Amino acid sequence: MSGTVIPGTPIAVDFWSVRRAGGARLFFLSHMHSDHTVGLSSTWSRPLYCSPLTARLLHRRLQVPTRWIRPLEVGQSHALGEEVTVTLLDSNHCPGSVMFLFEGAFGTILYTGDFRYTSTMRGEPALRGRRVDRLYLDNTHCHPHRPLPSRQHATRQAAHVIRAHPRHQVVIGVYSLGKETLLVDLAVEFSTWVVVSPWRLEQMRLLELPDVFTAEEGAGWIRAVDVTEIRWDTLVSWNMLHPTIAILPTGRPVKVTHPNIHPIPYSDHSSFSELCEFVKWLKPCSVIPIVRGGMCQAYFQKYLSSAPQALPDLKIPKSVQESVQQQSKRKGQEPLCLLKRAAWHSVPRGVVYESPEKYTEKSEASTGVKVPQQNYCESAFCSKEGCACHTGREKGKEELSGEQPGVALAASTVSQALVSDEHFPTRFAEQYLLTPLNVLKQSSSQKFDELIEDFFRRGEAL
């Protein structure tokens, strides 16, 4: 299954197992190929975002209820609540296929889905000059020793094969969606109808393609069939009725089982050189392959931006946001960027301790050491010589350098547990991750909000 739940976001793309989707709440469909719709059916009951053309195909082919389908116009930015803004971009893969440009407190993420890069994508306003923190890249053909021609060149190759067999009928193997442009180009080139099945003809009309398709047998000498029909036994039976060649447009290596089967390197996925050109132009901070098992990051390392990636979203209580904004307005300042400031101060610098609750009793019992109760000051701002917090630090250093590791563990563990409610660390966003769980449990939600407000007030004074 080609799907992803994007870490640090509420976003899932082409991923339809709700049970395994974790905290994902926003579901996106890049296009209607079957390997991207595994698990999606008429029983789906959550909002689903896609392009308008994919929305029509989705309801027709999988009977997903229209009340859950949310078509979004391509080329426009759409705000989905207060968390995510998404812009849909044409991915040049198949009818209705799109890339997703996500923006939010998590940074900027471009998810290409299946795509075929062209230089015209550089003119896309949403991508020009855009800093991209994470690029989820279609790495289907990410192999330096597997070159692919452009689709225009591959179309000319197909036309050359057809001209070399002027007395043969032509059968072209395609998937249920995709390669329509190839069929249209060949129909125009040779002035013939392309014969398709009735259900495919209905789909061609839904896609609003040029009128070169028909379901009438014998109306044209080019036929489009499902790719699975291109095999040895069907070629034998077709040639018993009339000389027939088969064209198999694919970028993947195939084993030819009949001399009248002609693979053509026509692909709807980007070639390796196109991927390099795209990444070099975009200069993302990181590249993440969409196809599992593909290790293509090394090829693009030299093209990545050296700018640091955006930090994950930090959930700031709404009451704190409103309070700080009001304070900023009273001071005649612009509202503070809470997320940036909190992210800057919240990076832990040291060891993140587990809760001492499960260690304290065992440590005291095994070592026989009892740490005396002491009063601790606000250590982040304390400069008093001889204060208990300084004494504790020096003592900890001595014990760690000695031969009593059990004593050091007990002393350091209990000393953290003795931080009182009244003397909670004031560099809150930085100290929070280092504070034992039993101390945090003592603070009510109201106290929690007050501490964060106090942190931001101190930050303004700096």
Side-chain angles (χ1 to χ4, degrees), residues 1-6 9-74 76 78-81 83-84 86-102 111-115 136 138 140 173-180 183 196-209 213 215 224-229 268-269 290-292:
M1 179 175 64
S2 300
T4 304
V5 177
I6 301 180
T9 77
I11 297 166
V13 183
D14 298 338
F15 192 95
W16 311 110
S17 174
V18 176
R19 181 175 55 85
R20 296 168 48 218
R25 301 185 305 281
L26 301 174
F27 294 85
F28 297 84
L29 175 61
S30 64
H31 64 290
M32 274 296 297
H33 278 163
S34 59
D35 57 327
H36 293 257
T37 59
V38 176
L40 190 55
S41 68
S42 59
T43 62
W44 184 260
S45 59
R46 284 171 171 75
L48 179 160
Y49 301 93
C50 59
S51 70
L53 186 51
T54 296
R56 296 201 297 270
L57 293 171
L58 180 61
H59 178 64
R60 174 181 177 270
R61 291 172 57 177
L62 297 182
Q63 291 76 51
V64 173
T66 55
R67 68 176 179 274
W68 299 118
I69 302 175
R70 306 283 195 271
L72 302 175
E73 288 299 326
V74 178
Q76 299 180 14
H78 307 269
L80 305 181
E83 294 179 286
V84 176
V86 61
T87 305
L88 278 63
L89 308 171
D90 183 7
S91 71
N92 192 36
H93 176 68
C94 70
S97 65
V98 292
M99 300 185 283
F100 295 108
L101 181 67
F102 299 111
Y111 192 100
T112 68
D114 289 352
F115 90 122
Y136 282 81
D138 173 16
T140 301
V174 293
Y175 292 108
S176 60
L177 183 68
K179 309 291 193 301
E180 290 82 7
L183 299 177
V196 297
S197 63
W199 78 264
R200 193 184 291 272
L201 178 61
E202 182 183 349
Q203 178 170 281
M204 296 301 188
R205 291 171 177 168
L206 182 67
L207 299 176
E208 300 178 352
L209 294 172
F213 300 98
V225 301
D226 190 270
V227 67
T228 58
E229 294 187 48
D268 291 323
H269 296 269
I290 292 177
V291 180
R292 292 176 178 83

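Treat the numbers as computed from the prediction; the structure is a model and nothing was measured. If you read the sequence from its start, that first residue is 1, and numbering goes on from there.
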Would you please name every residue forming a salt bridge (charged side-chain N to carboxylate O under 4.0 Å, His left out) with Asp268, sequence neighbours left out?
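With sequence neighbours excluded, Asp268 shows a salt bridge (charged side-chain N to carboxylate O under 4.0 Å, His left out) to Arg151, Lys179, given in chain and number order.
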If we only count heavy atoms from C-beta on, is the [X] to [Y] side-chain gap below 4.5 Å?
X      : Y      : value
Leu209 : Leu183 : no
Val98  : Phe100 : yes
Trp44  : Leu58  : no
Glu208 : Leu53  : no
Val13  : Phe102 : yes

Looking only at side-chain N and O atoms, does Asp138 offer a donor or acceptor that is under 3.5 Å from a partner on Thr112?
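Distance-only check fails for Thr112 and Asp138.
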Tell me yes or no: between the side chains of Thr4 and Tyr111, is some donor less than 3.5 Å from an acceptor?
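Present: a donor and an acceptor within the cut-off.
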In Å, rounded to the nearest 0.5 Å, how long is the span from [atom1] of [X] to [atom2] of [Y]?
X      : Y      : atom1 : atom2 : result
Arg200 : Leu177 : CZ    : CG    : 9.0 Å
Leu57  : Gln203 : CG    : CD    : 5.5 Å
Leu72  : Cys50  : CG    : SG    : 7.5 Å
Leu207 : Glu202 : CG    : CD    : 10.5 Å

Identify each donor-acceptor pair in which a side-chain atom of residues 61-70 lies under 3.5 Å from a protein atom, sequence neighbours left out, and give them as a table.
residue	atom	partner	partner atom	Å
Arg61	NH2	Ser176	OG	2.9
Gln63	NE2	Arg60	O	2.9
Arg70	NH1	Arg67	O	2.5

Is there a donor-acceptor pair under 3.5 Å between the side chain of [X] and the backbone N or O of [Y]?
X      : Y      : answer
Asp90  : Val74  : no
Ser97  : Cys94  : yes
Thr54  : Gly96  : yes
Ser91  : Met99  : no
Glu180 : Gly178 : yes

Of the non-hydrogen atoms in Ile290 and Tyr136, which two are nearest, and what is the gap between them?
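What the structure gives for the nearest pair is CD1-O, 3.6 Å.
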Test Phe27 against Leu40 for side-chain contact (heavy atoms from CB on, under 4.5 Å), laying out the working first.
CA-CA 11 Å; Phe27 294 85; Leu40 190 55; over 6 Å; no
Assign the ring pair His31 / His36 to parallel, tilted or perpendicular, where the plane angle (0 to 90°) is split at 30° and 60°.
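Tilted: the ring planes of His31 and His36 meet at 30° to 60°.
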